[in-house]
Amino acid sequence: MPNVPTARETGVNYEMSVWAGLFAPKGVSPDIIARLADALDRALDEAVVRERIARLGGSIPAKDERNPAAFDRLVRSEIARWAPILAATGSGK
């Protein structure tokens with residue numbers, strides 16, 4: 001759509017990214033959360049996984065960002081970032 005301006009061209013400072021993570025139901029044992037986080041962390045260190053993610057155009061967070069606390073901060077920051085936009089559009093109803 002060559003005649004449609006980008007968000008930036010219309011004066012909107014817009015940046016979007018896509019991320020993925022694992023979620024568990026509320027009340028899951030901290031031991032289980034730790035085991036899942038450790039398994040995911042080990043998987044993300046595997047060469048075949050890293051290569052596949054890179055081929056798909058993705059990136060893997062730094063080792064110190066691959067833990068439940070860091071993921072919680074990311075999710076909360078994304079909620080804070082997008083909630084006002086969704087509310088302004090009426091999308092959250």
Side-chain angles (χ1 to χ4, degrees):
M1 299 173 48
N3 295 327
V4 177
T6 65
R8 183 152 293 148
E9 290 169 340
T10 64
V12 177
N13 186 10
Y14 177 79
E15 183 180 317
M16 174 146 178
S17 61
V18 177
W19 51 266
L22 298 178
F23 291 84
K26 184 176 182 176
V28 171
S29 159
D31 291 340
I32 299 295
I33 297 295
R35 287 175 54 197
L36 289 170
D38 181 59
L40 177 59
D41 189 48
R42 283 185 283 123
L44 292 173
D45 285 337
E46 293 287 333
V48 67
V49 173
R50 297 181 79 76
E51 290 165 9
R52 178 71 173 154
I53 290 173
R55 274 197 315 272
L56 293 170
S59 61
I60 297 173
K63 190 97 168 147
D64 64 344
E65 296 173 25
R66 295 180 347 213
N67 60 69
F71 185 58
D72 183 62
R73 286 190 299 274
L74 170 69
V75 170
R76 289 177 187 277
S77 71
E78 288 289 275
I79 290 169
R81 177 180 177 203
W82 291 105
I85 295 167
L86 292 172
T89 66
S91 298
K93 296 179 182 180

How far apart are the closest heavy atoms of [X] and [Y], and which atoms are they?
{"X": "Ser59", "Y": "Ile53", "answer": "N-CG2, 3.8 Å"}
{"X": "Arg66", "Y": "Pro61", "answer": "CD-O, 3.3 Å"}
{"X": "Pro5", "Y": "Asn3", "answer": "CD-O, 3.6 Å"}

Give the cluster check for [X] versus [Y]: same hydrophobic cluster or not, with ILVMFWY residues linked at side-chain heavy-atom distances below 4.5 Å.
{"X": "Val48", "Y": "Ile60", "answer": "yes"}
{"X": "Val12", "Y": "Trp82", "answer": "yes"}
{"X": "Phe23", "Y": "Leu40", "answer": "no"}
{"X": "Val49", "Y": "Leu22", "answer": "yes"}

Worksheet item: Of all residues at least two apart in sequence or in a different chain, which pass the side chain to side chain donor-acceptor pair (under 3.5 Å) check with Asp72?
Response: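 With neighbours one apart ignored, the set is Arg76.
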Got a second to check how far [X]'s [atom1] is from [Y]'s [atom2], nearest 0.5 Å?
{"X": "Ser17", "Y": "Glu78", "atom1": "OG", "atom2": "CD", "value": "5.5 Å"}
{"X": "Leu74", "Y": "Ile79", "atom1": "CG", "atom2": "CD1", "value": "9.5 Å"}
{"X": "Asp41", "Y": "Asn67", "atom1": "CG", "atom2": "CG", "value": "8.5 Å"}

Fill in: Non-hydrogen side-chain atoms of Leu44 and Lys63 separated by less than 4.5 Å
no
Worksheet item: Does Asp38 come within less than 4.0 Å of Arg42, counting only side-chain N to carboxylate O?
Response: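 Looking at Arg42 together with Asp38, the answer is yes, because their closest N to O distance falls below 4.0 Å.
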